[in-house]
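All remarks here apply to the structure that follows.
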Number of protein chains: 2
Amino acid sequence: MFMARTCGSHSQTTGPRLRDVAQRLFARHGYAAVSMRQIAAEVGVQAGALYNYIPDKQGLLFDLMRTHLEDLLAAWQAEPHGAGPLEALEAFTRFHIRFHLERPDAVFIAYMELRNLEPENFAVIEGLRKRYETVLEDILSAGKQAGVFTLPDTKLAALAVIAMLTGVTTWYRDDGRLSRDRVARIYWNMVRKAVGA
Amino acid sequence: MFMARTCGSHSQTTGPRLRDVAQRLFARHGYAAVSMRQIAAEVGVQAGALYNYIPDKQGLLFDLMRTHLEDLLAAWQAEPHGAGPLEALEAFTRFHIRFHLERPDAVFIAYMELRNLEPENFAVIEGLRKRYETVLEDILSAGKQAGVFTLPDTKLAALAVIAMLTGVTTWYRDDGRLSRDRVARIYWNMVRKAVGA
DNA sequence: AGGTTATCTGAACGCGCGTTCATTTCAATC
DNA sequence: GATTGAAATGAACGCGCGTTCAGATAACCT
């Protein structure tokens, strides 16, 4: 009675759409609170069809989180790092804010759904997160050694700065008082002072 | 066949136990992922008995969050604020870290389960959260006016500082490298520099 | 034009969910 | 020792869950 394929468009699109929809719904309502049938409805398909693209619900969550963190690390690699530690820290600050504000849903999921990962999946995600923390820690460490930064504890400073920067995603609105650039400038100002440079 | 009450102890304890257990499980696995039957099992009771103490699951979540935020605001009122803005900011920093590290589960829930609140409950919780943010904002504002702090944007600074301080709860471990006092001291150092004092 | 294959449907599976309630149990009171 | 009433049981309610799969469908290939 109904069409097995959407008229005029290849089902090449169902895979990406599934991930888009899942990302939005997981971010909005939480992984545990969203059903496969809700996702399927928004994709425009029956629930069973989703399993042509994912092994199961857990695999879908894991894939979203892993992709996000791999994108994050790859994007930083592709970013101009600047000459010295001070320039690197500014680059990191601006990069982090820009990257995170561009994908609020993925960020939300990566920070909030860790506890819904099965142990082995959790280990992978946690490893990627650690790698990103190390990026900042290395910058701070180099700057401290070069006498550019004043830090009582490099590791804590890295965690503090990342928490501060990531916090932007919880309140920033595109139609708000400040532009992204303005926010990045203000935060860079605070970060610079916090590390004693 | 089974006892309706636990031998020797009044059921006076079931209410508090219910909240304790729910808080721990919600923090660990998330509100949507925890069932009333799981909570009941840990309390040592059948699921139906829980409804002698709560209206429904949503009411339980709301009660946990409201109580936590009211405790937070009341505890700050009872705290010695110090003489000037600089002293007040130091008091706030140390208070925030101490209070949050003492109740990691409640903190987790208050930050992660906002999206599982029904709209009217959300409004109440959001109002309490705003009131707490205003506490810090007022301190920063006074310090700026007094020329003690250098801040390009008071509101952003307040959000940044709170995000930074609350971040402690995501990594701090009692058996870790640093004591709570040491962590508080290091963070106060960074906060002080970040606000230009 | 006809066959192949990727894709989707629709029904089914067992299960656990939040919540209600008549009944039972037992500490406290008289 | 009988009465009372708060507290807990255990069964039941309808429902939606994640997942599977045989069968239907339509785009693609020759």
Side-chain angles (χ1 to χ4, degrees), chain A residues 1-23 25-26 28-65 109 113 115-118 121, chain B residues 1-23 25-26 28-65 109 113 115-118 121:
Chain A
M1 181 176 180
F2 293 104
M3 299 172 296
R5 290 189 184 180
T6 305
C7 286
S9 87
H10 297 66
S11 28
Q12 208 93 352
T13 69
T14 302
R17 274 180 54 74
L18 160 56
R19 276 162 185 83
D20 278 2
V21 167
Q23 184 155 95
L25 291 180
F26 285 169
R28 200 102 67 203
H29 309 292
Y31 170 76
V34 174
S35 74
M36 297 303 285
R37 284 173 176 85
Q38 284 173 55
I39 296 171
E42 291 229 8
V43 173
V45 117
Q46 293 299 316
L50 301 181
Y51 291 84
N52 289 322
Y53 303 93
I54 55 164
D56 49 30
K57 196 189 181 189
Q58 168 77 198
L60 171 57
L61 175 63
F62 176 59
D63 197 59
L64 290 174
M65 295 178 75
I109 292 171
E113 304 296 355
R115 59 186 167 184
N116 287 306
L117 288 173
E118 285 157 12
N121 290 340
Chain B
M1 183 179 181
F2 293 105
M3 298 174 296
R5 290 188 185 178
T6 305
C7 289
S9 86
H10 296 69
S11 28
Q12 208 93 349
T13 68
T14 301
R17 273 180 56 73
L18 160 57
R19 274 159 187 87
D20 278 0
V21 168
Q23 184 154 93
L25 291 181
F26 286 167
R28 200 101 70 204
H29 308 292
Y31 170 76
V34 174
S35 73
M36 297 303 285
R37 284 173 177 83
Q38 283 173 55
I39 296 170
E42 290 230 7
V43 173
V45 117
Q46 293 299 315
L50 301 182
Y51 291 84
N52 288 321
Y53 303 93
I54 54 165
D56 48 31
K57 197 190 181 189
Q58 167 78 197
L60 172 58
L61 174 63
F62 176 60
D63 196 59
L64 290 175
M65 295 177 76
I109 292 171
E113 304 296 356
R115 60 185 167 188
N116 287 306
L117 288 173
E118 287 158 10
N121 290 340

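Every chain is numbered from 1, with letters handed out A, B, ... down the list of sequences.
Between the P atom of D:dG16 and the NE2 atom of A:H29 lies a distance of 16 Å, rounded to the nearest Å. Atom pair A:Y31:OH and D:dC17:P shows a separation of 13 Å (rounding to whole Å applied). Following rounding to the nearest Å, A:I39 (CD1) and D:dG18 (P) show an atom-to-atom distance of 8 Å. Summarising the geometry, the separation between OH on B:Y51 and P on C:dC17 is reported as 11 Å, rounded to the nearest angstrom. Between the P atom of C:dT19 and the CG atom of B:L50 lies a distance of 10 Å, rounded to the nearest Å. Rounded to whole Å, the distance from CD1 on B:I54 to C1' on D:dA8 is 15 Å. Residue A:Q46 contributes atom CD, which lies 15 Å from atom C1' of D:dG23 at whole-angstrom precision. Taking atom CG on B:N52 and atom C1' on C:dT23, their separation rounds to 14 Å, with Å as the unit.
For the pair B:I109 and B:Y31, the minimum side-chain heavy-atom distance is 4.5 Å or more.
Residue A:Y53 has a polar side-chain atom (N or O) positioned under 4.0 Å from OP1 or OP2 of C:dC8. Residue A:T14 places no side-chain N or O under 4.0 Å from the OP1 or OP2 atom of C:dT7.
The heavy-atom pair separating A:A32 from B:A32 by the smallest distance is CB-CB, 3.8 Å. In this structure, A:K57 and A:V34 approach most closely via the heavy-atom pair NZ-O, 2.7 Å. Looking at every heavy atom in both residues, B:V43 comes nearest to B:R17 through O-NH2, 2.9 Å. Residues A:A47 and A:R37 come closest through the heavy atom pair CB-CG, 3.9 Å. When all heavy atoms are compared, the tightest approach of A:G30 to B:R115 is CA-CZ, 3.5 Å.
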Notebook entry, point to check: Would A:M36 and A:Y51 satisfy side-chain contact (heavy atoms from CB on, under 4.5 Å), going step by step from the backbone distance to the final call?
Noted result: CA-CA 10 Å; A:M36 297 303 285; A:Y51 291 84; 3.7 Å; yes
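Note on B:V34: only backbone sugar-phosphate atoms sit closer than 4.0 angstrom, heavy atoms only; bases stay farther off.
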Are any protein N/O atoms closer than 3.5 Å to N/O atoms in nucleotides 11-14 of chain D? If there are, list each pair with its distance.
residue	atom	partner	partner atom	Å
D:dA12	N6	B:R37	NH2	3.3

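For A:K57, counting side-chain heavy atoms from C-beta on, the closest listed nucleotide (C:dT9, D:dG18, D:dG10) is D:dG18. Closest to the side chain of B:S35, from the set D:dT9, C:dC17, D:dA7, is C:dC17. Proximity note for B:Q38 (side chain, C-beta onward) versus D:dG18, D:dT9, C:dC17: the nearest is C:dC17.
Comparing A:A49 and A:M36 against DNA chain D, the residue whose closest nucleotide sits nearer the 5' end is A:M36.
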